[in-house]
Amino acid sequence: MAKMTMREAINQAMRLEMARDPDVILIGEDVAGGRGCPVDDGEAAGGVMGVTAGLYSEFGAARVIDTPITESAIMGAAAGAALTGLRPIAELMFADFFGVCFDQLYNQAAKFRYMFGGQHGAPMVVRTMVGAGMGAGPQHSQAIYPIFAHIPGLKVVLPSGAYDAKGLLIQAIRDNDPVMFCEHKMLYGEEEEVPEESYQLPLGKARVVREGGDVTVVALGRMVQLAAEAAATLEKDSGLSVAVIDPRTISPLDVDTILDSVEETGRVVVVDEATPICSMASEVASMIVSDGFSSLRAPIRKVTAPHTPVPASPTLEAGYPPTAAKIREAIEAVYNYR
Amino acid sequence: MAKMTMREAINQAMRLEMARDPDVILIGEDVAGGRGCPVDDGEAAGGVMGVTAGLYSEFGAARVIDTPITESAIMGAAAGAALTGLRPIAELMFADFFGVCFDQLYNQAAKFRYMFGGQHGAPMVVRTMVGAGMGAGPQHSQAIYPIFAHIPGLKVVLPSGAYDAKGLLIQAIRDNDPVMFCEHKMLYGEEEEVPEESYQLPLGKARVVREGGDVTVVALGRMVQLAAEAAATLEKDSGLSVAVIDPRTISPLDVDTILDSVEETGRVVVVDEATPICSMASEVASMIVSDGFSSLRAPIRKVTAPHTPVPASPTLEAGYPPTAAKIREAIEAVYNYR
Amino acid sequence: MNLDEPTLRHAYETMRLMRVFDETGRREFLAGKLPGFIHMYCGEEAIAAGICAELTDADYIASTHRGHGHCIAKGCTIEDMALEIFCRRDGLCRGKGGSMHIADLKKGMLGANAIVGGSAPLAVGAALKIKTRGESNVSVAFIGDGASNQGTVFEAMNLAVVLKLPAIFAYENNGYAEMTGVDYHCGSGDIAARAGAFGMPSHKVDGTDYFAVREAMAAALAHARGGKGPVSIECVAPRWYGHFEGDPQGYRTKEEIADLQETRDPLALFRERAMATSSLTEADFTAMDAAITERIEAAMAAADKAPLPEPDDLYTDVYEVYD
Amino acid sequence: MNLDEPTLRHAYETMRLMRVFDETGRREFLAGKLPGFIHMYCGEEAIAAGICAELTDADYIASTHRGHGHCIAKGCTIEDMALEIFCRRDGLCRGKGGSMHIADLKKGMLGANAIVGGSAPLAVGAALKIKTRGESNVSVAFIGDGASNQGTVFEAMNLAVVLKLPAIFAYENNGYAEMTGVDYHCGSGDIAARAGAFGMPSHKVDGTDYFAVREAMAAALAHARGGKGPVSIECVAPRWYGHFEGDPQGYRTKEEIADLQETRDPLALFRERAMATSSLTEADFTAMDAAITERIEAAMAAADKAPLPEPDDLYTDVYEVYD
Ligand SMILES: Cc1ncc(C[n+]2csc(CCOP(=O)(O)OP(=O)(O)O)c2C)c(N)n1
Ligand SMILES: Cc1ncc(C[n+]2csc(CCOP(=O)(O)OP(=O)(O)O)c2C)c(N)n1
Ligand SMILES: [Mg+2]
Ligand SMILES: [Mg+2]
């Protein structure tokens with residue numbers, strides 16, 4: 001199996017699905033490399049992060065569509081096309097921009113199936129970038145997906161690496177409802193072993209990253225790596241046995257896998273890069289105290305960003321998302337709670 | 001003290017503040033009764049629900065400003081005016097409409113203070129209608145405030161009646177940061193004793209609606225009444241002593257008042273009309289399992305709307321928000337948990 | 001524009017259905033039988049009828065909160081519509097949508113929309129589907145004068161021009177956005193000219209004149225079906241009732257409305273012209289009116305007695321139920 | 001337009017500061033010293049300089065992601081700016097904003113903005129404050145060609161017309177929105193005409209010509225300060241560098257850029273004209289250039305050595321800290 005970056009894996013997932021199904025189209029800003037320029041070079045860009053590179057050359061202007069910077073029109077166009085038969089992949093460059101276009105997603109696409117009494121949904125995927133780490137400041141670094149997860153009718157996927165990203169994206173494209181596919185910008189360059197061929201991973205099924213009987217860590221997105229690192233260190237240093245669970249999709253959430261682990265450990269740390277209030281970290285904790293209370297032997301510790309915007313300064317930004325050290329500390333705290 | 005509806009109390013709060021401070025302006029759709037019509041009648045409307053009636057006649061067109069149906073422009077105008085010295089009250093008719101304008105609130109107004117390094121914030125209030133009960137369907141009935149609470153930099157107020165609404169709105173207008181003031185449409189006509197004069201209630205301070213040592217119920221907005229009702233019935237029927245806490249503001253949240261009560265009862269029900277995932281119900285539960293774990297003696301029960309849109313049908317809508325019966329059942333369940 | 005008798009009959013019946021459906025619906029609403037908000041289309045019937053006259057089920061429309069007329073023009077059966085505005089189990093949306101979200105996808109009716117300006121991007125999306133599939137249909141967005149100022153609508157127009165999509169922007173200028181007059185809220189005072197500046201042909205017509213609307217739409221259809229991109233049409237036709245039922249309309253005079261009903265009733269104007277140019281008679285119209293009234297009364301009565309949704313329907317039609 | 005020598009000097013120095021600030025900043029960015037994204041203003045200097053020439057600290061501007069030029073034109077000191085793009089403790093925004101959020105409220109500079117189209121409603125808000133207080137200042141929104149299509153911008157223009165606010169919409173048409181050409185993304189092909197259709201006077205000028213920009217702005221100021229409402233100005237001036245640093249610009253040719261630098265350098269064009277119409281000499285410009293280079297090198301070096309924020313600054317400047 002070849003090593004592949006998450007960027008390549010996502011690109012490949014789109015390529016495979018577009019080749020398989022002519023109803024799959026891609027629409028967004030500069031996804032076709034930028035149209036209307038002196039040099040008509042479809043390879044010039046492929047989105048600002050190069051994730052869609054080459055798709056324009058392969059599938060042509062009718063299916064890889066550059067747009068003006070008008071996110072409401074993009075999301076609405078995708079929703080309308082999805083309602084009438086296509087399976088659009090719409091790119092929302094940075095998830096931070098949801099505030100200019102969310103109506104078309106949350107009041108329209110997400111509600112079609114329900115408010116039209118089951119006539120049809122909006123089979124569309126919104127690919128979007130999340131997370132801190134580039135020093136890009138308050139409006140380009142947010143992990144805003146708890147807001148997506150709050151909305152009935154939206155599914156929300158948060159891959160933690162290349163392998164999951166490919167299988168989950170293929171599944172998301174085939175799903176019959178709108179899926180917010182949140183790509184952490186700091187993971188694009190990270191490599192994993194990824195099969196060349198097509199495969200699907202179900203939405204709503206967590207991955208047990210490592211087994212462990214002492215403490216359960218539920219970690220999201222880029223935090224999964226850090227949690228696994230913290231767990232490994234603790235096992236080596238103190239012999240602690242720490243389970244790490246990556247929900248992979250935060251809506252729907254794989255409640256069972258989490259509760260099974262909590263039943264064994266009774267001690268829980270939830271790690272997320274999003275701000276804490278009404279977040280997935282709170283959601284997971286609250287689900288456990290409702291449905292797994294009898295197993296619980298310690299307070300649940302949430303390790304999250306602070307309730308502040310993301311500062312531009314790298315010095316400050318470094319202290320913003322959870323770190324392996326903070327995760328380790330939280331694991332030890334819940335482990336040692338008596 | 002006179003009885004007053006919540007509609008009147010909110011109107012009076014605005015009137016008092018506008019009279020006191022010339023920097024307070026009101027901007028929104030039809031807040032001045034509708035301009036540009038054959039009959040120039042400032043009393044004609046006052047917002048679709050009549051909440052701003054009379055303010056145009058009293059304070060004139062320069063301070064009570066009708067706008068086109070362009071919420072991004074309204075919120076942005078309020079934010080820009082607030083950044084430069086005014087204290088606008090901007091009306092977002094139904095909170096459901098946040099999806100067409102949220103960027104100006106969450107990326108702009110809410111972040112000014114932080115991203116400008118403390119130079120200035122946006123002292124503005126967004127008054128907006130929330131909640132089900134009118135049969136108005138999926139796009140006019142949502143209790144979408146958990147999304148507001150998720151955003152650092154936004155304060156979120158959720159009054160449960162006329163008295164609180166007046167004092168909290170006056171405080172919100174004087175606050176130096178953006179406040180989302182969420183008015184439940186089914187409470188507008190509800191009466192309470194309300195002083196004629198000006199008074200303020202602090203943001204971030206809960207109201208203990210009733211004391212009780214057996215179970216703690218944290219209820220939000222319109223749910224406070226239902227929770228109090230359920231508690232009273234249970235006390236009468238089964239001698240249970242149920243504390244009901246109304247946080248009044250969900251951001252900031254009065255953590256201490258809730259934890260104090262939980263310390264006594266060890267049993268908690270959280271009641272909210274919003275959909276459950278990444279909601280304030282989850283937030284409150286997760287806060288308690290993090291910070292009040294040692295007191296907890298039963299699973300926390302959340303009584304919320306289901307994870308669905310709000311249906312138009314009154315038959316279905318009746319089963320959508322929590323009812324007093326469902327709250328009672330939850331209280332009994334946590335009380336009887338062994 | 002010369003239309004044959006069956007076409008004239010169909011056009012009139014369509015408009016008459018709209019008129020009676022809304023006025024009867026209003027009666028039921030005032031009797032407390034319909035939930036939520038209800039918005040009357042009376043006075044504007046010629047717009048929907050003219051715009052949709054030559055559309056088939058394979059063409060799309062995306063509608064507004066004031067959507068009953070659009071539904072009828074696009075071929076939804078009024079019996080199904082009545083069930084939906086009564087929020088019954090067998091309504092078009094199983095009672096989950098109601099008046100402001102009524103939709104009938106098999107008829108190409110992509111839904112009323114309770115978000116002002118929400119229709120335009122969706123219609124552009126349907127036009128994108130048409131173009132991607134290489135079909136020759138069109139997609140129409142109905143947009144109120146108030147909605148014409150929404151950012152979503154401007155974005156949608158620009159995108160349709162950029163991608164040369166078969167989208168038609170049908171502006172319904174009924175004089176008011178809730179209680180605000182169009183001369184106030186539309187800064188330029190001219191919706192059609194503003195649309196034209198986005199780079200598409202733009203028409204402005206009397207929206208009480210079925211023939212004028214239909215003619216403008218015929219030109220728009222030729223353009224859009226010919227692969228030449230989008231078109232806009234502003235139709236001017238003031239509404240007869242308040243913004244929604246319950247609006248006391250303090251901002252306009254009884255005389256304005258009486259005058260409208262007297263001189264600019266789209267149905268009366270249509271009748272006159274049809275009688276002058278065809279063999280249709282007063283008696284023909286009276287007969288059509290009676291038949292329609294009977295049909296609508298029956299539909300409303302049936303809807304009133306039709307089964308309600310089951311409580312558990314609350315949880316269906318979402319991809320996933322959490323508890 | 002005839003300007004006296006001190007004015008000419010000041011104008012040139014302003015533009016030269018922009019040029020050298022960005023090119024030096026670019027060097028520092030490429031050396032890995034600046035975080036995030038950095039967007040070069042080179043080639044567009046005459047726009048900000050011309051638009052802001054007659055503004056005071058009591059006038060407002062709302063800026064874009066490409067905001068350094070706007071800051072300098074509005075009077076921010078480059079030393080404070082350098083600290084901010086280096087994200088230092090004593091920067092204009094204490095390092096929390098960085099290049100894309102640099103703001104200086106005491107100078108009426110309401111912030112760069114990393115949301116495309118975000119500036120326009122905010123500028124309208126500042127104009128509303130001016131009108132409410134009865135002041136005679138103006139508020140300017142800088143808007144890119146790509147941003148010109150955003151719904152927020154159209155809404156802002158309409159609201160400014162409706163409320164007759166002293167707002168000026170300064171469009172910077174630099175040919176590209178990221179990698180997409182303006183002829184593609186702007187359906188009408190004419191930003192100024194589209195703005196005009198919103199009901200305001202609209203100018204279109206060569207944005208590499210300081211004098212042309214300043215002249216159009218003078219007319220706009222007379223209009224806006226006179227209480228006559230908003231104005232728009234489209235300034236055409238292609239950028240010299242990629243969208244951001246790191247953009248390899250595969251979508252344009254080296255020749256295009258070389259030609260621009262040769263024939264449409266706003267600073268060179270200014271120098272020529274200034275020398276022809278005043279007593280300023282080659283030597284004067286050389287001296288100004290040298291002084292500016294020195295000043296900016298010093299500012300960048302100082303910023304590079306300046307103290308970083310303290311870790312706990314992460315939690316300040318929000319109304320409330322949760323833990
Ligand atoms: C985004 C949004 N803002 C405000 C409203 C409230 N609202 C419903 S209808 C309406 C007026 C619409 O006016 P217009 O577009 O002219 O349509 P008309 O009602 O006249 O048919 C308003 C303001 C809404 N539904 N959605
Ligand atoms: C709402 C939003 N959409 C997309 C982006 C990403 N983006 C940043 S700059 C830019 C191009 C802007 O083009 P233009 O307005 O012409 O300004 P220029 O960069 O040419 O100065 C884009 C698409 C953004 N920051 N905000
Ligand atoms: Mg109207
Ligand atoms: Mg540009």
Side-chain angles (χ1 to χ4, degrees), chain A residues 22-23 25 27 35-36 61-63 65-86 88 100-101 103-104 107-122 124 152-155 175-179 203-204 251-253 255 287 291, chain C residues 60 62 84 89-98 100-106 108 110-111 113-115 117-134 139 141 150-163 165 309 313 316-322:
Chain A
D23 283 337
I25 62 167
I27 185 167
R35 306 289 82 215
R63 293 180 61 204
I65 302 166
D66 268 351
T67 67
I69 312 173
T70 51
E71 286 81 7
S72 281
I74 299 169
M75 296 305 142
L83 186 62
T84 52
L86 299 186
V100 297
C101 64
D103 183 75
Q104 290 291 328
N107 268 331
Q108 314 292 344
K111 292 190 172 57
F112 286 158
R113 185 179 297 285
Y114 194 85
M115 78 185 168
F116 297 163
Q119 292 181 59
H120 205 282
M124 62 188 278
L154 290 182
K155 294 184 179 174
D175 198 278
N176 281 335
D177 285 295
V179 178
L203 308 187
S251 181
L253 181 70
V255 164
M287 181 277 288
D291 300 335
Chain C
Y60 299 106
E84 189 55 34
R89 190 193 66 191
D90 300 322
L92 280 170
C93 304
R94 305 193 197 190
K96 285 174 174 167
M100 288 206 295
H101 303 286
I102 191 165
D104 192 352
L105 299 188
K106 66 187 179 309
L110 303 181
N113 207 314
I115 302 299
S119 62
L122 298 175
V124 165
L128 177 61
K129 174 262 182 176
I130 292 167
K131 189 176 175 188
T132 306
R133 292 257 183 94
S139 176
Q150 269 284 4
T152 50
V153 174
F154 297 122
E155 290 190 7
M157 288 201 292
N158 186 51
L159 186 60
V161 172
V162 167
L163 301 181
L165 299 179
D313 292 346
T316 58
D317 303 323
V318 199
Y319 59 85
E320 165 107 31
V321 181
Y322 291 84

Close side-chain approach of Thr132(C) and Leu86(A), heavy atoms under 4.5 Å
yes
Spatial distance of atom NZ (Lys111(A)) from atom NZ (Lys96(C)) [nearest 0.5 Å]
13.5 Å
Nearest atoms (heavy-atom pairs only) where Ala156(C) meets Ala73(A)
N-CB, 4.1 Å
What part of Phe154(C) gets within 4.5 angstrom of chain A, counting heavy atoms only: side chain, backbone, both, or neither?
neither
Strictly distance-based, threshold 3.5 Å: is any side-chain N or O of Arg133(C) a donor or acceptor partner for the main-chain N or O of Gly85(A)?
yes
Residues passing the salt bridge (Lys or Arg N to Asp or Glu O under 4.0 Å) test with Asp291(A), sequence neighbours excluded, are none
Mark yes or no for whether Tyr319(C), through its side chain, and Leu154(A), through its backbone, hold a donor-acceptor pair below 3.5 Å.
yes
Would you give the length of the straight line joining atom CD1 of Ile69(A) to atom CD of Glu155(C), rounded to the nearest 0.5 angstrom?
10.5 Å
Interatomic spacing from NE2 in His101(C) to CZ in Phe112(A) - rounded to 0.5 Å
11.5 Å
Answer yes or no: is there a side-chain heavy-atom contact under 4.5 Å between Leu128(C) and Ile25(A)?
yes
Looking at every heavy atom in both Phe116(A) and Gly111(C), which two are closest together, and how far apart are they?
CZ-CA, 4.1 Å
Looking only at Ala126(C), Gly97(C), Gly151(C), most heavy-atom pairs under 4.5 Å shared with chain A are made by Ala126(C)
Most chain A-contacting option - heavy-atom pairs closer than 4.5 Å, from Gly98(C), Ser139(C), Pro121(C), Gly134(C)
Pro121(C)
With no hydrogens and no angle check, is any side-chain donor or acceptor of Gln104(A) less than 3.5 Å from a backbone partner on Gly118(C)?
yes
Name the region of Ala62(A), side chain, backbone, both or neither, that has any atom closer than 4.5 Å to a heavy atom of chain C.
backbone
With the side chain counted from C-beta on, respond yes when Asp23(A) and Lys129(C) share a heavy-atom pair under 4.5 Å apart, and no when they do not.
no
With side chains defined as the heavy atoms from C-beta onward, is the minimum distance between Leu83(A) and Leu110(C) less than 4.5 Å?
yes
Going through the checks in order, is the side-chain hydrogen bond (donor to acceptor under 3.5 Å, both in side chains) test met by Gln119(A) and Asp317(C)?
CA-CA 9 Å; Gln119(A) 292 181 59; Asp317(C) 303 323; over 6 Å; no
If you round to the nearest 0.5 Å, how far is OG1 of Thr84(A) from CG of Leu105(C)?
9.5 Å
Check step by step if side-chain contact (heavy atoms from CB on, under 4.5 Å) holds for Thr70(A) and Thr152(C).
CA-CA 8 Å; Thr70(A) 51; Thr152(C) 50; over 6 Å; no
Sub-4.5 Å side-chain heavy-atom contact between Val318(C) and Arg113(A)
no
Would you mind checking which part of Leu163(C) comes under 4.5 Å of any heavy atom in chain A, side chain (CB onward), backbone (N, CA, C, O), both or neither?
side chain
Interatomic spacing from OH in Tyr114(A) to OG1 in Thr316(C) - rounded to 0.5 Å:
6.5 Å
Once rounded to the nearest 0.5 Å, what's the spacing between atom CG of Asn107(A) and atom CG of Asn113(C)?
8.0 Å
